Amino acid sequence: MSETIRVLLSEEEVDQRISEVAAKVSKDYEGRQVHLISVLKGGVFFTCELAKRLTIPVSMDFMYVSSYGMSTKSSGVVKIVKDLDEEIEGRDVLVVEDIIDSGRTLNYLLEYLQNKNPKSLRLCTLLDKPERRAVEVHVDYTCFQIPDEFIVGYGLDYAQKYRNLPYIGVVELN
């Protein structure tokens with residue numbers, strides 16, 4: 001079985017929207033430092049682009065949380081593969097994710113992080129599929145709401161391929 005990729009959001013559309021969201025985040029955190037937690041692997045592309053556009057002081061850490069494996073469907077089992085390197089107690093934390101689908105992974109992750117007593121905890125995502133929610137998750141900043149299709153590019157992958165695409169595409173299996 002092979003696949004083709006159909007462009008859903010162009011590089012220019014993604015770039016423009018990240019700039020808009022970064023301006024809102026910068027305004028909301030004005031006068032404070034925000035600690036970005038990038039959810040690996042896919043979130044690193046979006047996190048870096050967002051961080052470059054923020055006008056406030058930024059620190060950064062990374063977590064690797066998995067629920068997909070090599071499939072296009074979430075397994076529903078969430079595991080922390082890589083935990084934080086720094087403490088977040090008393091810090092303003094913004095979790096940066098590439099995509100929110102069922103909500104299971106982010107629900108688990110946000111609860112886990114809340115137990116570490118940050119001053120504030122918010123969520124920012126490049127892509128959101130609200131119609132796929134199995135668990136409700138409050139998203140503070142969303143770049144795009146998208147239809148229920150399997151998405152790649154800008155950090156998102158299909159079996160570890162296509163992360164490097166500079167746009168958001170839909171995988172179409174042939």
Side-chain angles (χ1 to χ4, degrees), residues 5-30 32-68 72-74 78 92-110 113 118 120-158 160-172:
I5 308 301
R6 173 176 46 89
V7 176
L8 179 66
L9 298 164
S10 71
E11 183 176 2
E12 295 76 19
E13 289 173 293
V14 173
D15 185 60
Q16 175 62 36
R17 185 64 183 134
I18 292 173
S19 293
E20 293 167 4
V21 169
K24 177 139 180 50
V25 170
S26 293
K27 184 175 186 279
D28 290 352
Y29 285 93
E30 191 172 359
R32 299 183 285 167
Q33 176 172 322
V34 66
H35 186 67
L36 304 179
I37 296 178
S38 179
V39 182
L40 299 173
K41 297 180 183 172
V44 73
F45 289 74
F46 175 44
T47 303
C48 291
E49 291 302 317
L50 181 69
K52 289 190 311 189
R53 292 164 173 83
L54 293 173
T55 59
I56 53 173
V58 172
S59 57
M60 195 179 300
D61 204 344
F62 302 88
M63 290 187 78
Y64 184 10
V65 183
S66 178
S67 69
Y68 277 87
T72 62
K73 300 266 191 248
S74 175
V78 179
D92 289 308
V93 173
L94 181 62
V95 176
V96 183
E97 177 66 291
D98 54 1
I99 190 167
I100 303 173
D101 194 319
S102 71
R104 287 184 188 100
T105 302
L106 265 296
N107 183 62
Y108 177 88
L109 181 60
L110 291 172
L113 293 172
S120 67
L121 181 62
R122 292 184 180 170
L123 175 59
C124 180
T125 188
L126 177 62
L127 305 171
D128 189 7
K129 288 187 192 177
E131 67 187 73
R132 292 265 306 143
R133 284 295 188 285
V135 177
E136 199 51 46
V137 175
H138 175 74
V139 184
D140 299 281
Y141 307 97
T142 301
C143 289
F144 299 98
Q145 284 193 357
I146 59 169
D148 185 15
E149 298 182 281
F150 196 81
I151 304 299
V152 293
Y154 225 89
L156 293 117
D157 74 294
Y158 171 65
Q160 297 299 324
K161 298 185 292 186
Y162 307 114
R163 286 188 195 279
N164 61 319
L165 296 176
Y167 58 85
I168 304 298
V170 176
V171 175
E172 296 177 340

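Numbers here simply count residues along the sequence, with the first being 1. Please read these numbers as outputs of a predicted model, since none were measured by experiment.
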State the [atom1]-[atom2] distance between [X] and [Y], to the nearest 0.5 angstrom.
X	Y	atom1	atom2	result
F45	L156	CZ	CG	9.5 Å
R32	E30	CZ	CD	10.0 Å
S59	I37	OG	CD1	9.0 Å
K27	I56	NZ	CD1	12.5 Å
E131	D101	CD	CG	9.5 Å

Work out which heavy atom in [X] is nearest to a heavy atom in [Y]; give both atom names and the distance.
X	Y	answer
A51	L36	CB-CD1, 3.8 Å
V21	C124	CG1-SG, 4.0 Å
L127	T125	O-OG1, 2.8 Å
V137	G103	CG2-O, 3.4 Å
V44	F62	CG2-CE2, 3.9 Å
Y154	P166	CD1-O, 3.6 Å

- Message: Tell me whether D92 contacts the main-chain N or O of V34 through its side chain, where contact means a donor paired with an acceptor under 3.5 Å.
- Response: no

By side chain to side chain donor-acceptor pair (under 3.5 Å) - contacts of [X] (at least two apart):
X	value
S26	T55
R122	Y141
D128	R133
T47	S38

- Task: Run the salt-bridge test on E20 and R17 with the 4.0 Å N-O cut-off and return the result as yes or no.
- Result: yes

All side-chain contact (heavy atoms from CB on, under 4.5 Å) counterparts of [X], not counting sequence neighbours:
X	answer
D61	H35, K82, L84, D85, E86
A134	S102, R104
Y162	E3, I5, V152, Y158, L165

Is any side-chain heavy atom of [X] closer than 4.5 Å to a side-chain heavy atom of [Y]?
X	Y	result
I18	L126	yes
F46	V96	yes
L123	I100	yes
V95	V39	yes

- Note on the structure: Sorted by chain and residue number, the salt bridge (Lys or Arg N to Asp or Glu O under 4.0 Å) partners of E11 (sequence neighbours excluded) come out as none

- Message: List the residues meeting salt bridge (Lys or Arg N to Asp or Glu O under 4.0 Å) with R53, not counting sequence neighbours, and say none if there are none.
- Response: D15, E49

Would you mind writing out the side-chain donor-acceptor pairs for residues 143-151 within the sub-3.5 Å range, not counting sequence neighbours?
unit_1 : atom_1 : unit_2 : atom_2 : d
D148   : OD1    : R132   : NE     : 3.4
E149   : OE2    : R6     : NH2    : 2.7

